[in-house]
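Since the structure comes first, as structure tokens, the remarks are kept for the end.
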Amino acid sequence: MPTDRPSDSPLRIALAEDSVLLREGLIGLLTRFGCDVVAAVGDADALLAAVAEHEPDIVVTDVRMPPGFQDEGLHAAVRLREERPGLPVLVLSQYVQRAYAAELLDSGDGSGVGYLLKDRVGQVEQFVDALRDVAGGGTVVDPEVVRQLLRRRRDPLARLTPREREVLALIAEGKSNGAIARALVVSEAAVGKHIGSILTKLDLPPADDVHRRVLAVLAFLRA
């Protein structure tokens, strides 16, 4: 399991992407950042076989893959998490698919999972940070996915102020209070007050750390 991996060893990745150009680009990018791509395949069945053979630390997969180009990659990811509880999975998608995001977030206990839009790959360091966060058991969701999920819930989210919505989106990305303060150019004390107000308005219990707070928010968003 990923938690047993020595801290100084390369992150072992199983990659599934049907576009040869993007797949080769991801291999080069990940290798450049010290990762070990143990398998790179082009369809969901090959991904299942690769994970069984290589036992990677994390799976990175596209949503739409051959033969149907529907949600084969996502279904493979959910199946893998059912068969291997705790296996980190980072899903990449060209578009925001609300049902896909909800199904992924519902797999396992919500930890060690990520859903990013492919445009995010262009922000290389941010993408690699997200990958490592998910591999470590974190939860990372693209801001656009968060916005789409927020639109799905009109009440009681309608009670949040615009600034509280901004803070909620950053919380769901897994950002710390300090990172949120820097992003919004406010003090950490102000962020803490916003978070307290958000949790109160959404009837969410306070949490001891950022990751548990993210899970609480995501649990509410997909309810």
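Any value given below was found using the heavy atoms of this structure, including those in side chains, with hydrogens, waters and symmetry copies removed.
- Screening residues 15-33 for salt bridge (Lys or Arg N to Asp or Glu O under 4.0 Å) gives Glu17-Lys118 as the qualifying pairs, with residues at least two apart or on separate chains.
- Just one residue in the list Val89, Val63, Thr61 forms a side chain to side chain contact (heavy atoms under 4.5 Å, CB included) with Leu74, and that residue is Val63.
- Listed for the Thr31 side chain is a donor-acceptor partner under 3.5 Å among the backbone atoms of Ile27.
- A distance-only check finds no donor-acceptor pair linking the side chain of Arg12 to the backbone of Val37 [under 3.5 Å].
- For Arg182, the side-chain contact (heavy atoms from CB on, under 4.5 Å) criterion is met by Ala179, not counting sequence neighbours.
- Considering only residues two or more places apart in sequence or on other chains, Ala14 meets the side-chain contact (heavy atoms from CB on, under 4.5 Å) condition with Leu47, Val51, Pro56, Val59.
- Pairing each heavy atom of Ala130 with each of Val140, the nearest pair is CB-CG1, 3.9 Å.
- Across all non-hydrogen atoms, the minimal contact from Asp57 to Pro10 is OD2-O, 3.8 Å.
- Shown here for Ala135 and Ile58, the closest heavy-atom pair between the two residues is N-CD1, 3.8 Å.
- Looking at Leu90 and Phe127, their side chains come closer than 4.5 Å, going by heavy atoms from C-beta outward.
- The CG atom of Leu29 lies 8.5 Å from the SG atom of Cys35; values are rounded to the nearest 0.5 Å.
- Interatomic distance, Ser19 OG to Gln94 CD, rounded to the nearest 0.5 Å: 9.5 Å.
- For the side-chain contact (heavy atoms from CB on, under 4.5 Å) test, residues two or more places apart in sequence or in another chain that qualify with Ala183 are Leu170.
- Considering only heavy atoms from C-beta on, Val167 comes within 4.5 Å of Ile198 through its side chain.
- Cluster membership for Met65 and Leu117, using ILVMFWY side-chain heavy atoms within less than 4.5 angstrom, is not shared.
- For the atom pair CG of Leu168 and NE2 of His194, the computed distance is 12.5 Å after rounding to the nearest 0.5 Å.
- Placement of Val124 and Val134 within a single hydrophobic cluster is found when ILVMFWY residues are connected by side-chain heavy-atom separations under 4.5 Å, directly or transitively.
- For residues 43-56, the set of pairs meeting the salt bridge (Lys or Arg N to Asp or Glu O under 4.0 Å) definition, not counting sequence neighbours, comprises Glu55-Arg84.
- Counting all heavy atoms, side chain and backbone alike, Ala76 lies closest to Ala44 at CB-CB, 3.9 Å.
- Contact check for Glu72 versus Pro66: no side-chain heavy atoms found under the 4.5 Å cut-off.
- The structure places CG of Leu26 at 9.0 Å from CD1 of Ile13, a figure rounded to the nearest 0.5 Å.
- Each of Leu80 and Val38 belongs to its own hydrophobic cluster when Ile, Leu, Val, Met, Phe, Trp and Tyr are linked at side-chain heavy-atom distances under 4.5 angstrom.
- Pairs of residues two or more places apart, or lying in two chains, that qualify as salt bridge (Lys or Arg N to Asp or Glu O under 4.0 Å) and include a residue from residues 129-143 are Arg120-Asp142.
- Closest approach of Ser111 to Thr139, counting heavy atoms only: CA-OG1, 3.9 Å.
- Considering only heavy atoms from C-beta on, Leu11 comes within 4.5 Å of Leu131 through its side chain.
- Comment: Arg79 does not engage Glu82 in a salt bridge, judged by the lack of any side-chain N to carboxylate O separation of less than 4.0 angstrom.
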Would you check, one step at a time, whether the test side-chain contact (heavy atoms from CB on, under 4.5 Å) holds for Val41 with Leu15? CA-CA 6 Å; Val41 300; Leu15 171 66; over 6 Å; no
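- A continuous path of hydrophobic side-chain contacts links Leu87 to Val141 [ILVMFWY only; heavy atoms under 4.5 Å].
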